[in-house]
J.: 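Next up is a structure, given as structure tokens.
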Amino acid sequence: MERVAAATSVIFLLWVAGCTESPKKSFMDEGPPNVVIILADDQGWGDLSHSGNSNLSTPHIDRLAGEGVSFDRFFVQPVCSPTRGEMLTGRYHLRGGIRGTSSGEERLDLDETTFVTLFQQGGYATGAFGKWHNGMQHPYHPNSRGFDTFYGFCSGHWGDYFSPPLEEDGIPVKGEGYLPDDLTNRAMDFIDAHRDEPFLVYLSLNTPHSPMQVPDPWWEKFENKPLDSLVVGEDPDFTRAALAMCENIDWNVGRLLDKLEGLGLTENTLVVYFTDNGPNSVRWNGGMKGRKGSTDEGGVRSPFFMRWKGRVPEGKVIPQIAGAIDLFPTLVDLAGLTHSAGKPLDGKSLRPLIMEENPLWPDRVIFSHWNGNSSLRTQRYRLDRDGNLYDMESDPGQRRPVQDLFPEVAENLREAKEDWEAVMAAELAKDPEARPFTLGAADAPLTQLPARDGMAHGSIQRSNRFPNDSFFTHWVSVEDSMTWEVDVLNAGNYQVEVYYTCPPQDVGSEFRFRAGESHLDRRVAEAHDPPLKGMENDRIERMESYVKDFQPMMLGSIALNQGVQTFSLKALRIPGTQVMDVQKLIVKPVGTSE
């Protein structure tokens, strides 16, 4: 019996040989399709009424399945940024340098090609709205990865969902209203503005990721709602908040579908819906083992619906396994674009499964990885992180290992997993251990260096153990400092701002910003002491940092040399009990304006 890894490689090479063939003429008779991709954050497979969950109703999302195709076994990665990187590139996230979800480890390598770039080069207007989570600083920023327009946030999670600070094409702005509603509004505005040309919209919603915030109309329905099918370890209140957020997602999906209908774009728009990992709490998920963060079935199975009225079969359920790595080749194929990248794809175009009745489709292997743990899935089996084999057709909950019944299958899949892990380790070894944060890219209006991307030294602490959307606090000693490792791409003069808070009694501290051999000295001259917020909108006590409104302090202009250097903030004199809290630095080329 051939090793599964070798067989998978052969299948992949056969696919690559034909991946640049033109699609069938009937696809393009009316021009290229518009594309709308909707991605939910931390919504599990079971968080839809389509999946059989009787605790909520998601008619608009379910409608996508009824009016299009649904993949019964579609697999993403256990957490956010890896799934997003795989969707963008068609390649496993470790190949693209994505090793974590914060502090720069979420960034997608710059030598990776995104499908968005191909659409942009093909004449599409491209817009992303919501959570990015694959790099903040240009050229990692979405505006540098194929998107003409970006409105949202680049962090892994956000601390406030009601009119929060966001960015628009790299410039800080303030959101308007409940964040998922605001993002959907912006996506619909983009569609309206580009209705007479091909467009690609990526609506990356931030819910039901915590903090668990949702407007009253959705919460009131669930606040005292009895829940069916409670599972061991479930927190009913957390579940109620998550499901309320999911119903809000469904409402926004309905608004977007109505927008397409009202503009007469339904029949020329391909709509995709899926989620980025398993559920973010223990709740009903079809009896599967695992949740977010797990490489078991429940941690990586996602709903996946695709609707293209008049082109894609209606109500078709596809049993063959597929995954986020397949989005790149599938969308490029269906849009009639070509791709001849130097780097091979791990994904396959799903077009044969979507469009044909009985396509030739050999079995394949899809790998899952997070936090040093790997599993793999074939059509019938899952090999878990510990090497246990499960027959997913007879035991979808992974309760009865069968490696003793099928020793040859187990051995082949173990070898395939070992081979894959060795390849991924070699891929990661190609990159340096540390990748400095980039600054001064030619297409960047400014560069944000948030606390998330810095390091605290001495007494300084993060406002929360989760770096995303945290800030630096407890700056109480002249021995303390905070640093950022930065690669200045273009030498020149730059203005530097620090976003800070400081109570009146602590005004007067003097500190130094240093960049390589240059520095700026400044005094905290103005008090700004807003309260922490977020808890007033939380339905469940959060794990993440609370937030507050920071204001900018101009430090001045400084000449930066090209190359890698350390940026630092360090106190020179502290007359009170502390210097200030710091949310981020903003560095802007001199002569630009917001």
Side-chain angles (χ1 to χ4, degrees), residues 41 102 106 128-138 140-143 147 149-187 189 203-207 209-215 437 444-454 462-464 466-473 484 495-502 526 528-538 542 544-555 580-588 592-594:
D41 190 8
S102 187
E106 78 282 4
F129 307 91
K131 171 177 171 176
W132 173 242
H133 206 190
N134 284 130
M136 169 177 271
Q137 298 83 11
H138 290 263
Y140 295 94
H141 189 275
N143 286 139
F147 287 107
T149 297
F150 173 67
Y151 176 80
F153 61 96
C154 291
S155 183
H157 63 252
W158 219 225
D160 188 10
Y161 293 170
F162 291 88
S163 300
L166 300 172
E167 62 167 282
E168 184 169 11
D169 295 334
I171 304 300
V173 296
K174 186 177 179 62
E176 299 179 11
Y178 187 53
L179 186 50
D181 303 351
D182 186 20
L183 298 174
T184 305
N185 289 340
R186 290 297 190 115
D189 289 344
L203 177 57
S204 180
L205 298 172
N206 58 296
T207 48
H209 196 299
S210 54
M212 309 307 287
Q213 297 184 342
V214 64
F437 294 97
L446 53 82
T447 298
Q448 298 190 58
L449 295 172
R452 176 197 69 218
D453 295 339
R462 292 191 183 279
S463 57
N464 189 271
F466 299 113
N468 283 306
D469 207 31
S470 66
F471 57 88
F472 286 135
T473 188
W484 291 261
Q495 290 180 345
V496 183
E497 292 179 322
V498 60
Y499 276 64
Y500 80 103
T501 64
C502 179
E526 180 181 345
H528 176 62
D529 190 26
L532 288 172
K533 64 179 184 177
M535 64 288 290
E536 71 279 6
N537 292 318
D538 289 354
R542 68 173 64 189
E544 300 88 356
S545 177
Y546 294 113
V547 297
K548 52 185 175 179
D549 294 325
F550 290 81
Q551 77 173 18
M553 179 198 310
M554 178 62 70
L555 304 187
M580 57 183 171
D581 288 351
V582 173
Q583 180 196 40
K584 62 185 175 183
L585 297 174
I586 286 187
V587 185
K588 183 170 56 176
T592 64
S593 63
E594 298 184 13

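As a basis for the values below, the full set of heavy atoms in this structure was taken, side chains included, without hydrogen atoms, waters or symmetry mates.
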J.: Given 3.5 Å as the limit, does a donor-acceptor pair link the side chain of Lys131 with the main chain of His157, or not?
T.: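 Absent.
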
J.: Compare all side-chain heavy atoms of Val547 with those of Pro164 and state whether any distance is below 4.5 angstrom.
T.: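 When only atoms from C-beta onward are counted, Pro164 and Val547 do not touch, as no gap falls below 4.5 Å.
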
J.: Applying ring pair (Phe, Tyr, Trp, His ring centres under 6.0 Å), can you list everything that pairs with His141, at least two apart in sequence or on another chain?
T.: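 His141: ring pair (Phe, Tyr, Trp, His ring centres under 6.0 Å) contacts with His138, Phe150.
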
J.: Asn468 and Ser155: side-chain donor and acceptor closer than 3.5 Å?
T.: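 Ser155 and Asn468 do have a side-chain donor-acceptor pair below 3.5 Å.
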
J.: Answer yes if the side chains of Gln551 and Tyr500 hold a donor-acceptor pair under 3.5 Å, and no otherwise.
T.: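 Yes, side-chain donor-acceptor contact under 3.5 Å.
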
J.: Would you check, one step at a time, whether the test side-chain contact (heavy atoms from CB on, under 4.5 Å) holds for Leu205 with Thr184?
T.: CA-CA 8 Å; Leu205 298 172; Thr184 305; 4.0 Å; yes

J.: How long is the span from the OG1 atom in Thr447 to the CE atom in Met136, to the nearest 0.5 Å?
T.: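 If I round to the nearest 0.5 Å, the distance is 10.5 Å.
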
J.: For the backbone of Gly152 and the side chain of Arg186, can you confirm whether one donor and one acceptor N or O come within less than 3.5 Å of each other?
T.: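 Pair absent, no side-chain N/O of Arg186 close to backbone of Gly152.
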
J.: Whether the Asp453 and Gln137 side chains hold a donor-acceptor pair (N or O, under 3.5 Å, no angle test) is what I'd like checked.
T.: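 Yes.
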
J.: Does Phe129 have any ring pair (Phe, Tyr, Trp, His ring centres under 6.0 Å) partners at least two apart in sequence or in another chain, and if so, which?
T.: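 Ring pair (Phe, Tyr, Trp, His ring centres under 6.0 Å) check on Phe129 returns Phe190.
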
J.: Looking at Ser463, Pro530, Pro531, which one forms a side-chain contact (heavy atoms from CB on, under 4.5 Å) with Lys548?
T.: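 Running side-chain contact (heavy atoms from CB on, under 4.5 Å) over Ser463, Pro530, Pro531 with Lys548 returns exactly one hit, Pro530.
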
J.: Go through the structure and list residues passing side-chain contact (heavy atoms from CB on, under 4.5 Å) with Asn206, not counting sequence neighbours.
T.: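 Here the qualifying residues are Phe153, Tyr161, Leu179, Pro180, Leu183.
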
J.: How about Thr473 and Asp581: does a side-chain donor come under 3.5 Å of a side-chain acceptor?
T.: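 Looking only at side-chain atoms, Asp581 and Thr473 do form a donor-acceptor pair, the distance falling under 3.5 Å.
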
J.: Could you go through Asp41 and Trp158, starting from their C-alpha distance and side-chain angles, then the distance that decides it, and tell me whether this counts as side-chain contact (heavy atoms from CB on, under 4.5 Å)?
T.: CA-CA 12 Å; Asp41 190 8; Trp158 219 225; over 6 Å; no

J.: Using only atom types and a distance under 3.5 Å, with no angle test, would you say the side chain of Asp182 pairs donor to acceptor with the backbone of Glu176?
T.: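 Checked: pair present.
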
J.: Any sub-3.5 Å donor-acceptor pair from Glu168's side-chain atoms to Ile171's backbone N or O?
T.: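 Looks like no, no N/O pair under 3.5 Å.
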
J.: Only counting residues at least two apart or in another chain, list the ones meeting ring pair (Phe, Tyr, Trp, His ring centres under 6.0 Å) with His528.
T.: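 In terms of ring pair (Phe, Tyr, Trp, His ring centres under 6.0 Å), with neighbours along the sequence ignored, His528 is linked to no residue.
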
J.: Please enumerate all residues that pass ring pair (Phe, Tyr, Trp, His ring centres under 6.0 Å) together with Phe471, with sequence neighbours excluded.
T.: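 Phe471 satisfies ring pair (Phe, Tyr, Trp, His ring centres under 6.0 Å) with Phe550 once adjacent residues are dropped.
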
J.: Rounded to the nearest 0.5 Å, what separation is found between the CD atom of Gln583 and the CZ atom of Arg452?
T.: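 With rounding to 0.5 Å, CD (Gln583) is 10.5 Å from CZ (Arg452).
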
J.: Run the side-chain contact (heavy atoms from CB on, under 4.5 Å) test against Asp538 and tell me which residues pass, sequence neighbours left out.
T.: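 Asp538 satisfies side-chain contact (heavy atoms from CB on, under 4.5 Å) with Pro211, Gln213, Arg542, Tyr546 only.
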
J.: Taking the side chain as every heavy atom from C-beta outward, state whether Asp160 and Lys533 have any atom pair closer than 4.5 Å.
T.: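 When only atoms from C-beta onward are counted, Lys533 and Asp160 do touch, with a gap below 4.5 Å.
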
J.: Within this structure, what is the CD1-CG distance for the pair Ile586 and Leu449, rounded to the nearest 0.5 Å?
T.: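 Result: 9.0 Å between the selected atoms.
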
